[in-house]
Amino acid sequence: MKPIRKFTVRAVVPGPLAALEELAGNLRWSWHEPTRRLFEHIDPEAWAGSGRDPVAFLGEVDPARLEALADDAGYVEWAERERADLRAYLDEPRWYQGLGDDAPRSIAYLSPEFGIAEALPQYSGGLGILAGDHLKAASDLGVPILGVGLFYGSGYFSQSISPDGWQQERYPVLDPDGLPLSLVRHPDGTAVQVVLALPDDRALVARVWRAQVGRVTLLLLDTDVPANPDDLRRVTDRLYGGGGEYRLQQELLLGIGGARAIDAWVELTGAPAPEVFHMNEGHAGFLGLERISSLIGEGLTFPEALQLVRASTIFTTHTPVPAGIDRFDRPLVERYLTNNLLPGVKPGDALALGVEPGADPATSAFNMAVMGLRLAQHANGVSRLHGEVSRRMFGSLWPGFDTDEVPITSVTNGVHSPTWVDPALRALAERVLGTADSEHAEWLSGALDDAELWSVKRGMRAQLVADARRRLAAAWSTQHSGAPAPEWIEGVLDPDVLTVGFARRVPTYKRLTLMLQDPERLAAILTDPDRPVQFVIAGKSHPADDEGKRLIQQLVQFAQRPELRARIVFLPDYDIGMASVLYPGCDVWLNNPLRPLEACGTSGMKAAMNGALNLSILDGWWAEYASEDSGWVIPSADQAADASERDALEAAALYDLLEHAIVPRFYDRSEHDVPHEWVGMLRRTLAGLAPELGADRMVREYVDRLYRHAWRHGRAVGADHARGARELAAWSARVRAAWPGVSVVHVESGGVDAPHVGDELRLRATVALGELSPDDVQVEVVYGRSTADETIESPRRAVLEPTAAKPGDGPREYGGRVVLDRAGAFGYTVRVIPNHPLLLSAAELGLVATAG
Ligand SMILES: *Cc1c(COP(=O)(O)O)cnc(C)c1O
């Protein structure tokens with residue numbers, strides 16, 4: 001019989017074990033192994049069955065067992081010790097507290113998805129996992145982040161595969177009462193609600209769930225409340241569940257509702273209000289509009305409020321694929337962006353923020369990334385290469401400037417090692433290296449011998465093999481209406497065979513099936529009688545992406561071949577739980593995107609931290625960290641005539657590396673069956689590379705380079721009743737209006753008849769400023785090596801100073817010198833740019849007048 005309603009009754013834990021409830025209520029258990037062991041001890045089997053989620057687990061454990069443990073003084077004391085450890089973790093000063101008062105008191109971090117734990121499936125892939133790792137590392141470092149997202153009633157989706165290889169989606173409904181969440185309530189017990197005005201006098205109501213991620217609070221908005229009509233209850237039913245209006249409603253809720261939830265939280269708890277706002281991708285862009293609306297309520301104009309909001313906002317872009325950016329039809333956005341929704345904001349002003357550069361404002365799509373960049377004075381990509389790609393991709397927002405000057409920097413992603421490093425490897429570090437910190441140069445030390453490290457690696461491989469068999473058997477049963485799995489599944493994979501992993505979302509650019517370019521060559525590699533190789537593959541395709549599903553189907557059908565099925569498997573329903581066994585179990589992590597479409601990629605980082613070597617196209621993070629110590633580079637065939645030739649060339653390189661470099665090294669064994677050269681690479685990866693890949697490194701960089709900068713700048717612009725914002729807004733408007741009158745009229749140079757290194761180039765420029773005064777501008781010479789295609793490479797800049805102070809409004813003269821410090825072709829030009837102490841980059845206003 002099917003129930004009409006379901007809910008979860010939370011367990012009543014006996015008084016002496018109250019510590020367990022406190023420990024279960026903080027998601028730190030998801031990366032704190034000692035806490036997990038404490039729960040596991042209660043009932044190891046039920047623990048594994050609960051998906052290692054303490055909240056669900058406590059609900060399922062036999063109450064008699066809990067009663068017995070409540071009488072067990074040793075266990076009670078153990079639980080209290082762990083609780084004391086958690087409390088100390090939450091209270092003690094950590095890295096950030098060492099910065100004293102010279103840092104923001106609170107930072108809001110908005111993201112459409114958060115991947116924190118298997119038990120809280122609120123992510124689809126890398127973006128969400130990154131956000132989860134960001135919060136966890138912030139917690140460890142004591143960074144006062146307040147996370148904001150949505151609660152999706154069915155998460156992303158749960159994947160199974162039909163017998164003919166086609167992806168099936170299921171949307172099991174999550175019960176928030178059974179998850180590690182608590183409802184945010186007023187002191188009188190009623191739920192805190194956030195309300196958004198919608199067109200046609202409707203209102204969207206959301207309640208707010210709170211997840212505690214170590215020291216970090218995460219607020220998740222949920223529209224599944226009785227106050228909403230049915231269609232609006234479904235606004236947060238799925239992550240990336242549809243386009244158009246549904247997606248717009250979600251993003252309005254995330255940005256505008258998110259800002260309102262923050263206000264409610266601050267009011268309710270007295271927590272410090274955020275002073276810096278970080279938008280993880282464009283989906284949260286409406287946040288800026290809501291803040292502008294509030295500031296207009298405090299008496300600022302739209303342009304003034306915009307300056308103040310920009311000063312303290314950071315926008316992180318994650319996709320180099322234009323198709324990956326959210327764009328809405330303008331009439332749709334126009335219908336929603338009303339004065340009721342955003343009091344004080346003229347719809348035209350709001351709409352203008354999303355107009356794509358060069359497009360007709362009346363018809364342009366509303367582009368969320370473009371709006372994000374206009375609402376944030378600080379922006380970054382997520383690897384060095386992605387920074388460059390983003391500066392090119394968004395360069396047209398700053399016309400007239402070279403890509404080098406586009407104000408988008410980069411912070412390379414990192415991964416949270418306490419979450420991702422296998423407990424066996426951490427235990428080895430503790431035992432042999434004397435530190436729980438597995439990221440340590442001591443991995444090279446003679447105190448650890450190769451055989452010991454190799455045996456731990458084998459253990460992790462065996463754990464993956466067992467997990468894969470279990471998953472395949474379960475998937476078989478599901479596919480065949482509960483029939484028991486055939487025996488051959490028990491023989492799938494081998495804990496002593498070279499194991500290659502590949503798991504990620506399945507958009508076409510990631511090329512799931514590149515390995516199938518020459519199926520017979522791959523089959524030969526897999527089934528080599530002496531030196532076999534096995535592949536473990538997983539990944540979800542977006543439900544609307546049939547092309548991705550076809551790729552999965554090709555792979556599944558290949559893996560179904562009876563002679564291959566023991567050596568290549570596709571595991572359905574890739575998630576954090578699978579990932580945490582998969583990375584440690586692999587020897588090689590394969591990554592073959594079309595360069596440069598992988599913004600960063602983090603799975604290879606997680607693999608490296610677990611002693612896997614990367615076999616990857618030089619894209620994303622690997623483009624800056626690749627080394628012979630840590631893996632192999634698959635050369636990109638960028639020069640290929642077409643896509644299929646490129647795929648063929650890159651696949652051939654992949655097979656070559658496997659056959660001639662990887663397989664021989666893996667199977668080159670000493671008399672004790674240890675591959676010393678391989679283990680040497682593994683040690684160098686753990687010692688040299690892994691420490692660079694940590695999310696702690698990433699979060700420190702965000703703090704040092706972006707959060708503190710945005711905070712100082714926000715204060716400068718906001719001080720004294722936003723005097724800076726008012727000045728900057730008025731000044732920008734004046735400069736913009738007068739800019740057509742600015743030009744470089746004439747440039748003269750001297751001192752370079754037969755130039756040698758060390759000579760000085762003397763310059764004199766005549767510049768027309770129109771209505772502007774010399775204080776409003778900077779005149780500069782831009783110079784450097786001149787290339788064949790008439791550009792200046794890696795240009796440098798030097799300021800030219802006014803020479804004779806001519807009275808009146810006529811053209812003015814500027815002069816200066818440049819030392820020719822390098823031989824070869826040299827080029828220069830002179831330009832005028834706006835100059836104001838509150839601008840952060842030369843390109844900021846997108847205004848420039850260049851000679852010639
Ligand atoms: C790390 C991770 C990802 C992201 O991997 P990429 O290499 O960045 O594509 C996706 N899903 C899960 C479950 C992960 O753990």
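Atoms within a ligand are numbered from 1 in the order they appear, just like the ligands themselves. Computed from a prediction, not measured in an experiment: that's the story for all the values here. In this chain, numbering begins with 1 at the start of the sequence shown.
- Contact check on Glu388 versus Arg384 returns no salt bridge, with no Lys/Arg side-chain nitrogen under 4.0 Å from an Asp/Glu carboxylate oxygen.
- Protein residues with any heavy atom under 4.0 Å from ligand 1: Gly125, Gly126, Ile129, Trp420, Arg504, Lys510, Tyr574, Asp575, Ile576, Ala579, Tyr583, Gly601, Thr602, Ser603, Lys606.
- A salt bridge does not link Glu118 with Arg52: every distance from a Lys NZ or Arg NE/NH1/NH2 to an Asp or Glu carboxylate oxygen is 4.0 Å or more.
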Evaluate side chain to side chain contact (heavy atoms under 4.5 Å, CB included) for Asp546 paired with Trp166, printing each intermediate quantity in order. CA-CA 10 Å; Asp546 280 353; Trp166 197 251; 3.9 Å; yes
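- Formation of a donor-acceptor pair under 3.5 Å by the Lys549 side chain with backbone atoms of Ala544 is not found in this model.
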Which is it for Thr499 and Val536 under the side chain to side chain contact (heavy atoms under 4.5 Å, CB included) test, yes or no, and what are the steps along the way? CA-CA 7 Å; Thr499 305; Val536 182; 4.1 Å; yes
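- Annotation: ring-ring contact (aromatic ring centres under 6.0 Å, His included) contacts of His378 (sequence neighbours excluded): His709.
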